[in-house]
K.L.:
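Structure incoming, see below.
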Number of protein chains: 2
Amino acid sequence: MHHDAATLDAPAAVEASPKRRQMLDAARGLFLAQGYGAVSMDAVARTAGVSKATLYAHFASKAALFGMLMAEGCSQMLPPEENLFPAEVADLRPALEALGGRTLRFMLREDWLAIYRIAMAESVRFPELAHSFHANGPVRTLARTRDWIAQQQAAGKVRADAEPEVAAQHLMGLLRSTLFLRATLGLPPAAEGADIDRAVAGAVDTWLRAFAADPDR
Amino acid sequence: MHHDAATLDAPAAVEASPKRRQMLDAARGLFLAQGYGAVSMDAVARTAGVSKATLYAHFASKAALFGMLMAEGCSQMLPPEENLFPAEVADLRPALEALGGRTLRFMLREDWLAIYRIAMAESVRFPELAHSFHANGPVRTLARTRDWIAQQQAAGKVRADAEPEVAAQHLMGLLRSTLFLRATLGLPPAAEGADIDRAVAGAVDTWLRAFAADPDR
DNA sequence: GTCTATAGGCCGATAGAC
DNA sequence: GTCTATCGGCCTATAGAC
């Protein structure tokens, strides 16, 4: 197995060849659903409706195809920002619940879980994939959250002696504490909206007790 | 692929055939290091120093061998208890740091991570494995911790209006918040003793701020 | 660029001798 | 029980016609 998967961080200029998109789409679906090893190039070609030779004309190897896909996927592993990090808030709780809800829901999405599963499982064969996923997903989410917490700290909303980095990590940890492990293992039943809301509210509650400058109770 | 992996929770009466142990040991090492799909029965036989025919004489299929191994592994996914749950403590902090340190160190062990990786990656092909791992590992650890927290709550050490279940989940979440994600992805550098101690101290600090009955600061 | 057809190898699993 | 030898199949990857 030679790793000509190239750099995993460059989405690359994918021109608009329809067959190429068919192949990439088919491959992504199969890889995410079944993992790297369980997917054959035959299956990719069949699903995409092309011949294997065409597949190999576009992608030098199975590893290269996989690497290119994961690069695309990893660059989209951030939840939409929108108004998730408001500079000024009257109360920290609703802002944290919005941020936490969006973040946890994003991490419980099947495509996020699928990439996480594959990045973990293939971290030996494709260390670049694990690194790229981590750097493009969790690390960036954490950095944004840390900066926002520091901002709120400067505004007097967060305990002055807290470290924003730790506070951000603990917020993520609390959000992941209940439903995440089950979800990664694919255990039924899948979390529903009410479960997620409850988990987020609990995490925010604990976080505020530990990090809010002014305990509001 | 037929799943005659049988029940994953019964370690089964493995008699003391030396060759059988060689095969099981070889298979466990290979599966944990490389995952289910990447390991061939040829490799298992070669590593164990037996022929493939002998391997198949003992295990009906690759799936059966894998299932038997994971059943053994999953039944050992609890950290040693020792004096981790003392009924009466003067101060909650050192008890939590001992419990948290032992728990986090256990979850960062390469064999625990390897089983977690495989349970995740193969949760589609082997749903029983994911269930067994979860039930024998995280669920039991959480239950013990929850009961101990309830005990401490009754002793007046923990906030009276806290739910022990949530408090236990949040403790685990806080412990996993920093080093765990990196470790699951196999990202260097591996966590060292000092890193772990710092993570545990931070987690316990946040937990105590949120759940201690008597904030001692 | 895309196809059909196939090379060449490794895999899981088995037959049969001892 | 354990071995050697091998089967049939699927895999990645390629050759050659169009």
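The sequence lines fix the lettering, A, B, ..., with proteins before strands; numbering per chain opens at 1.
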K.L.:
Write down the atom of Val44(B), the atom of Met23(B), and the distance for their closest heavy-atom approach.
P.N.:
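Closest heavy-atom pair between Val44(B) and Met23(B): CG1-O, 4.1 Å.
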K.L.:
What nitrogen or oxygen pairs link the protein and nucleotides 3-10 of chain C at under 3.5 Å?
P.N.:
{"unit_1": "dC3(C)", "atom_1": "OP2", "unit_2": "Ser51(A)", "atom_2": "N", "d": "2.9"}
{"unit_1": "dC3(C)", "atom_1": "OP2", "unit_2": "Ser51(A)", "atom_2": "OG", "d": "3.2"}
{"unit_1": "dC3(C)", "atom_1": "OP2", "unit_2": "Thr54(A)", "atom_2": "OG1", "d": "2.6"}

K.L.:
Is the Phe66(A) ring parallel, tilted or perpendicular to the Phe126(A) ring (thresholds 30°, 60°)?
P.N.:
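Because their plane-to-plane angle lies in the 30° to 60° range, the rings of Phe66(A) and Phe126(A) count as tilted.
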K.L.:
Return the value, rounded to whole Å, for the distance between atom NE2 of His58(B) and atom C1' of dG12(C).
P.N.:
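That distance rounds to 18 Å.
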K.L.:
Verify the contact: side-chain N or O of Tyr56(B) to OP1 or OP2 of dT14(C), cut-off strictly under 4.0 Å; return yes or no.
P.N.:
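It does not, given that no N or O in the side chain of Tyr56(B) lies less than 4.0 Å from OP1 or OP2 of dT14(C).
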K.L.:
Nearest whole Å is fine: how far is dG12(C) P from Arg46(B) CZ?
P.N.:
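Nearest whole value for this atom pair: 11 Å.
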K.L.:
What's the CZ-C1' distance between Phe59(A) and dT14(D), to the nearest Å?
P.N.:
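After rounding, the reported distance stands at 18 Å.
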K.L.:
Where do Arg198(A) and Glu192(A) land on the salt bridge (Lys or Arg N to Asp or Glu O under 4.0 Å) test, with the steps shown first?
P.N.:
CA-CA 10 Å; Arg198(A) 212 174 307 124; Glu192(A) 293 175 10; over 6 Å; no
K.L.:
Should the pair Arg144(A)-Asp147(A) be classified as a salt bridge under the 4.0 Å nitrogen-to-oxygen rule?
P.N.:
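No, Arg144(A) and Asp147(A) are not salt-bridged.
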K.L.:
Using the test side chain to side chain donor-acceptor pair (under 3.5 Å), find all partners of Lys19(A) that sit at least two apart in sequence or belong to another chain.
P.N.:
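Not a single residue meets the side chain to side chain donor-acceptor pair (under 3.5 Å) criterion with Lys19(A).
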K.L.:
Quick check: are there more than 12 heavy atoms from other residues, nucleotides or ligands sitting under 6.0 Å from CD of Glu163(A)?
P.N.:
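Counting other residues, nucleotides and ligands, CD of Glu163(A) stays at 12 neighbours or fewer.
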K.L.:
To the nearest Å, how far apart are Met23(B) CE and dT2(D) C1'?
P.N.:
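Those two atoms, CE and C1', are 10 Å apart.
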K.L.:
What does Val44(B) touch in the nucleic acid at a heavy-atom separation under 4.0 angstrom: a base, only the sugar-phosphate, or nothing?
P.N.:
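Contact class for Val44(B): none.
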K.L.:
Leu55(B) has an atom CG; how far is it from atom C1' of dT2(D), in whole Å?
P.N.:
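So the two atoms are 12 Å apart, to the nearest Å.
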K.L.:
What is the distance, rounded to the nearest whole Å, between atom NZ of Lys62(A) and atom P of dA13(D)?
P.N.:
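Atom-to-atom, Lys62(A) to dA13(D), this comes out as 9 Å.
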K.L.:
How close or far is atom C1' of dG12(C) from atom CG of Leu65(B), stated in whole angstroms?
P.N.:
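Distance check: Leu65(B) CG to dG12(C) C1' gives 13 Å.
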K.L.:
What integer distance in Å separates Gln34(B):CD from dC11(C):P?
P.N.:
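Interatomic distance, CD of Gln34(B) to P of dC11(C): 11 Å.
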